[in-house]
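It should be emphasised that the depicted structure is a prediction, and the values quoted were computed from it without experimental measurement.
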Protein chains: 2
Amino acid sequence: MDNTNRIIISRRTRPAKDALSREIIVKTAFELLAAEGLSGMSMRKIAKHLDTGASSLYVYVKNIQELYSYVVDYGLRDVILPEGRPNSWKSELVSLLNSYLNVLYTSPGVAELALTTIPIGPYSLAINEYILARLQAGGAQAKSAAWGADMLLLYVTSVAFEQSSREQKGMTLQSIRDSYQSLDAVKYPMLVRLNEEMFSGDEERFQWGLEVILQGILHNPK
Amino acid sequence: MDNTNRIIISRRTRPAKDALSREIIVKTAFELLAAEGLSGMSMRKIAKHLDTGASSLYVYVKNIQELYSYVVDYGLRDVILPEGRPNSWKSELVSLLNSYLNVLYTSPGVAELALTTIPIGPYSLAINEYILARLQAGGAQAKSAAWGADMLLLYVTSVAFEQSSREQKGMTLQSIRDSYQSLDAVKYPMLVRLNEEMFSGDEERFQWGLEVILQGILHNPK
DNA sequence: ACCTGAACACCGTTCAAGT
DNA sequence: ACCTGAACACCGTTCAAGT
């Protein structure tokens, strides 16, 4: 179709509204994410909630990836950083990581974004900084602290993400467990025998995982 | 628009082709995934490669989520399971996990799917089974083995995923590092001081991570 | 500077019709 | 049983036009 010289007339049906802001966009996006998951947080849906069109958002945000990174950070604003006394580094670190997990659990979807987005916002940075300081207080050397902080965050985030992606797809733990239970015991003896253990724990399992990584960090100086 | 009683006439322009198969669909999907990443693997693009329409695929696959789970498993077919001698459980386990990482590195995108898909295909099961058996050979009790296998897989998968999602978004390690380097040293002293360590290693770092988890598992019996 | 509506190039999935 | 094309209900992003 050749419409090089078609005549375009005004398509406006209402006057322009008050200016938006990045803040209000991020807040709206986060609320949609928390309420409806990642698919509820599209540019078009955010815009609709703000009573505007999707194209209006591009003044405040380069693209949806950039918006994601703002939203993750906004989602981490409630993570609690304990006071920071040097002699209780471990309990404080564990308590921070529990708070982080809690925040991700209460707004699943943030976990997914946290996993796919490089954290450069202020809240993410503060959490990272805090972990590094606690590990150093616990005696970890530079490399162990740096690599260990990464491992701890990766662990917590992926635990939260696994859970959220499971419930998002409507898979119950029981249904997955059932499919493992019905496996051929000759081909997969361990999977059948350890079926119960593989799906046990939760709270307890997460604490154990933290312990595993922390012990491992301190026993493997770098 | 009310088109309850519109007349539909034939829309066919060519005769039906030979039957597809789930195998050929999964193979084609995997090739697109390996070559172009997750966004290259849409139902429509797979169909186009098979010279048909997207709707034809739904005879062999319930929805795209189900296809994902087949594709992940297909992508894991080249992971090498070492022989399995009881006295070298650790080196064999490490070697399997390296092979797993390698496979994910050579077809990024599989890592993303592996993280978001419950693994129930034969290759995934065989890998899981193998890890459980090696951990047990190394002296881990039932719960430690079950939870530890999960941790190891989660670790390797998320390491691969982080890398693939980074390069997919065109972020170089250097650019991320630069943004950390320019942080306020008063607010984030550790992040600035440990800048080098946080982005160092790779191969070495991954091996260290495996060691951390393995040590942690054996030191935290459950 | 920023809001607006249309347009472009995509998605996954369903369904009546045809073989 | 399974292929086909159209349709539905979505996407992210760009752009000319308007204020």
Inset, instruction - Describe, in one word, how the ring planes of B/W208 and A/W147 are oriented to each other, choosing from parallel (under 30°), tilted (30 to 60°) and perpendicular (over 60°). - result: perpendicular
Inset, instruction - Using heavy atoms to find the nearest nucleotide of DNA chain D for B/L57 and A/Y68 separately, return the residue whose nucleotide is more 5′. - result: B/L57
Inset, instruction - Taking the six-membered ring for Trp and the full ring for Phe, Tyr or His, determine whether the centres of B/F30 and B/Y70 are under 6.0 Å apart. - result: no
Inset, instruction - Please state how far atom CD1 in A/I64 lies from atom C1' in C/dC11, giving the value in whole angstrom units. - result: 13 Å
Inset, instruction - Indicate, with a heavy-atom threshold strictly under 4.0 Å, whether A/Y58 touches base, sugar-phosphate, or nothing. - result: base
Legend entry - Beyond-backbone contact of B/L33 with B/L38, side-chain heavy atoms, under 4.5 angstrom: yes
Legend entry - Neighbour count >12 (heavy atoms, 6.0 Å) for atom CD, B/E36: yes
Inset, instruction - Please state the P separation for the pair D/dA9 and C/dA9 - nearest whole angstrom. - result: 23 Å
Inset, instruction - Side-chain contact test, heavy atoms from C-beta onward, threshold under 4.5 Å: evaluate it for B/E196 versus B/R177 and give yes or no. - result: yes
Legend entry - Other residues, nucleotides, ligands: >12 heavy atoms within 6.0 Å of B/Y123 OH: no
Legend entry - OG-NZ distance between B/S200 and A/K143, expressed to the nearest 0.5 angstrom: 4.5 Å
Inset, instruction - Both distances under 3.5 Å, Watson-Crick or G-U wobble: on that basis, could you give the dot-bracket string for DNA chain C, with [ ] for crossing pairs and | for other-strand partners? - result: ||.|||||...|||||.||
Legend entry - Donor-acceptor pair between A/Y155 and B/S158 side chains, under 3.5 angstrom: no
Legend entry - Rounded interatomic separation in angstrom, taking CG from B/L20 and P from D/dA1: 16 Å
Legend entry - Near-strand residues of residues 31-47 of chain A, defined as heavy-atom separation under 4.0 angstrom from DNA chain C: A/R44
Inset, instruction - Give the rounded distance in Å between these two atoms: CD1 of B/I24 and P of D/dC3. - result: 13 Å
Legend entry - Lys NZ or Arg CZ of B/R77 over B/Y74 ring: under 6.0 Å, within 45°: yes
Inset, instruction - Please report, rounded to the nearest Å, how far the C1' atom of C/dC2 is from the CZ atom of A/R22. - result: 15 Å
Inset, instruction - Please check the phosphate of D/dC15 (OP1 and OP2 only) for any side-chain N or O of A/S55 closer than 4.0 Å. - result: no
Inset, instruction - Check the distance between D/dA1's P and B/Y60's OH and give it to me in whole angstrom. - result: 12 Å
